[in-house]
Amino acid sequence: MAAPKASLYLVAPIWKGGPRGIRGLSRTVAPEGNQRKRRTVLQFLADRFYDVQALREYLLRKQVSKVHQKNRSFTYVKEQYGPYIAAAYFVLKQGGAVKFQGQEWMRPNGRGRFSLEFFKFQAVPVEAVDASGCAINYQGLDNLLALKELQSLSLQRCPHVDDWCLSRLYQLAGSLQELSLAGCPQVSERGLACLHHLQNLRRLDISDLPAVSNPGLTQILVEEMLPNCNVLGADWAQGLKLGPEEQSQDTARSIPA
């Protein structure tokens, strides 16, 4: 009887205020009297799976809430110190790095702490942001889109950057020259198509995008869309289907002599 009690304690926060309540759940997990005898192994497994599923949903909601909290807008900082300081504060809190014009890169240390020296650069534009691996999402971009002098933006390996995020980057079209989306798992061809607004781009990294079904063809299309940009990514032939003649040559090369 010890295991069912432990399970009940784990899911108790989930069922608080629910239609069945904890009492109803306890009857399912630990039936009494004749109900215990009639309980089959299948029913037991079904009950246990239900508990695990509920716990997974609870943990997922908690994770989503944490990401939402990380991407809140620092409105009070922006009102008091301006958009440059607010953006820098947001990026540093996320664990990224920022570079003000004429200054060295600023980044947090191994413990996530950083100097507040950047507060004295209230009138100095931010020219580069490295948010590689940060939890930036659609909402969090609000903190960066006011940087009208931003020239370089790295969103490498950002797990929450998706096609909807890329649809907002047109607001940086006047200044952005370098953009890295390498390793973003949720970026697909649809999002890359939104980058046609960024005609000032000179360097774009779209390598290692698992949601892109045909990397080689996609790179060709992006290069045509941004003719003045150096597009880094897959080999141009990656994912392209070979014609009959090329297939025969490829097969011949694979046969040992």
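Note that the structure is predicted; figures quoted are calculated from it, not measured.
- If you take CZ on Phe90 and CG on Leu92, they are separated by 11.0 Å, rounding to the nearest 0.5 Å.
- When atom types are taken as modelled, the side chain of Lys93 and the backbone of Gly112 share no donor-acceptor pair closer than 3.5 angstrom.
- Between the CD atom of Gln219 and the CG atom of Asn214 there is a distance of 11.0 Å, given to the nearest 0.5 Å.
- Two residues are said to be in side-chain contact when any heavy atoms from C-beta on lie closer than 4.5 Å; Leu209 and Ser188 fail this criterion.
- The side chain to side chain contact (heavy atoms under 4.5 Å, CB included) search around Asn228 returns Arg202, not counting sequence neighbours.
- Atoms CG and SG, from Leu141 and Cys165 in turn, are 5.0 Å apart once rounded to the nearest 0.5 Å.
- Put simply, OG on Ser152 and CG on Asp130 are 8.0 Å apart, with the number rounded to the nearest 0.5 Å.
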task: Could you check Asn143 against Val91 for side-chain contact (heavy atoms from CB on, under 4.5 Å), going step by step and ending with a plain yes or no?
output: CA-CA 9 Å; Asn143 296 284; Val91 173; over 6 Å; no
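- Inter-residue side-chain proximity for Ser207 and Leu232 is flagged as unmet; no heavy-atom pair is nearer than 4.5 Å.
- For Glu189, there are no salt bridge (Lys or Arg N to Asp or Glu O under 4.0 Å) partners two or more places apart in sequence or in a different chain.
- Side chain of Gln94 to backbone of Ala135: a donor-acceptor contact under 3.5 angstrom is found.
- Under the side chain to side chain contact (heavy atoms under 4.5 Å, CB included) criterion, Ala86 pairs with Val77, Lys78, sequence neighbours left out.
- Contact of the Leu144 side chain with the Val126 side chain is not registered, since no non-hydrogen atoms from C-beta on lie closer than 4.5 Å.
- Partner of Glu127 under the side-chain hydrogen bond (donor to acceptor under 3.5 Å, both in side chains) criterion, chosen from Lys99, Gln151, Gln101: Lys99.
- Taking both residues in full, the closest heavy atoms of Pro159 and Gln186 are given as O-NE2, 2.7 Å, listed atom of the first, atom of the second, then distance.
- In this structure His197 satisfies the ring pair (Phe, Tyr, Trp, His ring centres under 6.0 Å) test together with Tyr170, sequence neighbours excluded.
- Scanning both residues, Cys158 and Pro185, for their nearest heavy atoms gives O-CD, 3.8 Å.
- We find the CG-SG distance between Asp208 and Cys184 to be 9.5 Å, quoted to the nearest 0.5 Å.
- Residues Tyr81 and Phe119 bring their aromatic ring centres within 6.0 Å.
- Qualifying salt bridge (Lys or Arg N to Asp or Glu O under 4.0 Å) partners for Arg107, counting only residues two or more places apart in sequence or in other chains: none.
- Here Glu224 pairs with nothing under the salt bridge (Lys or Arg N to Asp or Glu O under 4.0 Å) rule; sequence neighbours left out.
- Between Glu178 and Arg203 no salt bridge is recorded (no basic side-chain N to carboxylate O distance below 4.0 Å).
- Side chains of Asp163 and Val187 form a contact here, defined as non-hydrogen atoms less than 4.5 Å apart.
- The closest side-chain heavy-atom distance from Phe118 to Tyr84 is not below 4.5 Å.
- Counting heavy atoms from C-beta on, the side chains of Leu192 and Leu181 come closer than 4.5 Å.
- Contact annotation: the side chain of Cys134 never approaches that of His160 to less than 4.5 Å [non-hydrogen atoms, C-beta and beyond].
- The CD atom of Gln171 sits 12.5 Å away from atom CG of Leu150, with the distance rounded to the nearest 0.5 Å.
- Residues Tyr138 and Arg168 are in side-chain contact: their nearest non-hydrogen atoms beyond the backbone lie under 4.5 Å apart.
- No option in Leu147, Leu153, Asn200, Leu195 other than Leu153 meets the side chain to side chain contact (heavy atoms under 4.5 Å, CB included) test with Leu176.
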